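Predicted model, so just to flag it, every value in this text is computed and none were measured. Sequence positions, counted from 1, serve as the residue numbers for this chain.
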Amino acid sequence: MDGSQPYNPRTVEEVFRDFKGRRAAIIKALTTDVEEFYQQCDPEKENLCLYGFPSEQWEVNLPAEEVPPELPEPALGINFARDGMQEKDWLSLVAVHSDAWLLAVAFYFGARFGFDKADRKRLFNMINDLPTLFEVVTGISKKQAKVKSSVSNNSNNKSKSNSKPRGSESQEKLPKVSQLKDEDEEGLEEEDDDEHGETLCGACGDNYASDEFWICCDICEKWFHGKCVKITPAKAEHIKHYKCPSCSNKRARAS
């Protein structure tokens, strides 16, 4: 079998490199080389498996004959389901089984070379930082990256005081951190915009706008444009409990 020469990584880093090579190979089979992969999985043939090798090469072949095999074997007979379901669903199914196989191979090496609890945890964390094959094939990983990017960008424009527990009324007025632009969510976005429009600045009285920085007073729980109370996003990052000018003046007069 091409690319299946004995290979025994012995450290966490080597096992992870092995994992990444095999993972890249299977991603290639299920995405860029998908037409070739689809053709090779002929249901008329015997039980076939999808193999990924550390060299980032993939292969559709019969399972190993020896029992037990040198390494854990991929899902058997993936070709039989090919014509019985939609192509995208079939590819997703192959991806799920391939995810399980990649983990099995990685932790087979871990067990064989005596990784302790700390090494196993480190290996899993390294693997878990990567999107699964299923997430890549179905496009979920791109959506997650978009969400993370949106949340990261918007969190720089919102005060840390957003994390303070609030009543249900305040929650309803809380501006959304993530403003995702998804075609199938356009209807929801129109409703969100209406909801956001009800939030008024405690200083100028103008409506909330999604592209503006706002901050909430931890005392009166009113929202303010950052520019109206002279608070920048950078300055807000260092404020644990924000008091608006009105509440600050009340405290000063009381004392």
Side-chain angles (χ1 to χ4, degrees), residues 16 20 23 27 31 99 121-122 124-255:
F16 183 58
K20 287 201 299 182
R23 175 180 175 276
I27 288 176
T31 55
D99 276 320
K121 183 175 182 180
R122 188 155 64 95
F124 178 77
N125 287 339
M126 293 166 76
I127 291 173
N128 202 39
D129 281 339
L130 297 173
T132 64
L133 295 171
F134 177 78
E135 290 171 339
V136 172
V137 170
T138 58
I140 292 176
S141 60
K142 290 183 180 179
K143 292 180 183 178
Q144 289 176 337
K146 184 179 177 182
V147 170
K148 287 181 181 178
S149 174
S150 180
V151 170
S152 175
N153 291 336
N154 281 279
S155 64
N156 291 331
N157 296 328
K158 298 290 181 285
S159 166
K160 278 188 175 181
S161 63
N162 288 6
S163 61
K164 184 176 75 67
R166 308 179 188 282
S168 58
E169 181 180 350
S170 301
Q171 286 285 3
E172 290 175 1
K173 292 187 176 183
L174 220 137
K176 283 201 168 187
V177 172
S178 176
Q179 303 295 329
L180 299 182
K181 301 297 179 186
D182 224 321
E183 291 181 2
D184 56 355
E185 293 180 358
E186 287 178 359
L188 292 175
E189 286 175 357
E190 290 175 3
E191 295 177 9
D192 288 341
D193 290 340
D194 292 339
E195 181 183 343
H196 295 159
E198 296 174 4
T199 304
L200 303 178
C201 174
C204 69
D206 283 346
N207 290 2
Y208 164 81
S210 60
D211 58 348
E212 293 178 315
F213 167 70
W214 279 52
I215 189 167
C216 181
C217 175
D218 287 86
I219 306 301
C220 65
E221 296 192 349
K222 290 181 180 179
W223 287 90
F224 299 87
H225 290 108
K227 61 185 179 182
C228 290
V229 291
K230 297 180 181 179
I231 299 293
T232 63
K235 188 181 293 185
E237 288 292 314
H238 302 286
I239 300 176
K240 289 185 178 180
H241 300 287
Y242 173 69
K243 288 186 289 187
C244 68
S246 177
C247 290
S248 296
N249 291 337
K250 288 178 183 177
R251 289 289 180 93
R253 286 197 297 268
S255 59

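- With sequence neighbours left out, the side chain to side chain contact (heavy atoms under 4.5 Å, CB included) criterion links K20 to F16, L130.
- Contacts of T232 classified as side chain to side chain contact (heavy atoms under 4.5 Å, CB included), with partners at least two apart in sequence or in another chain: A234, K235.
- Scanning all heavy atoms of the two residues, the minimum distance from C201 to F224 falls at SG-CA, 3.8 Å.
- Evaluation of the salt bridge (charged side-chain N to carboxylate O under 4.0 Å, His left out) rule for K227 yields E212 as partners, not counting sequence neighbours.
- When all heavy atoms are compared, the tightest approach of I219 to K243 is CG1-CG, 3.5 Å.
- Closest non-hydrogen pair, C217 versus C244, comes out as SG-N, 3.4 Å.
- The minimum heavy-atom distance linking C216 with Y242 is given by the pair O-CD2, 3.5 Å.
- Counting only heavy atoms from C-beta outward, the side chains of F213 and H225 never approach each other to under 4.5 Å.
- Nearest heavy-atom pair across L133 and D99 is N-OD1, 2.8 Å.
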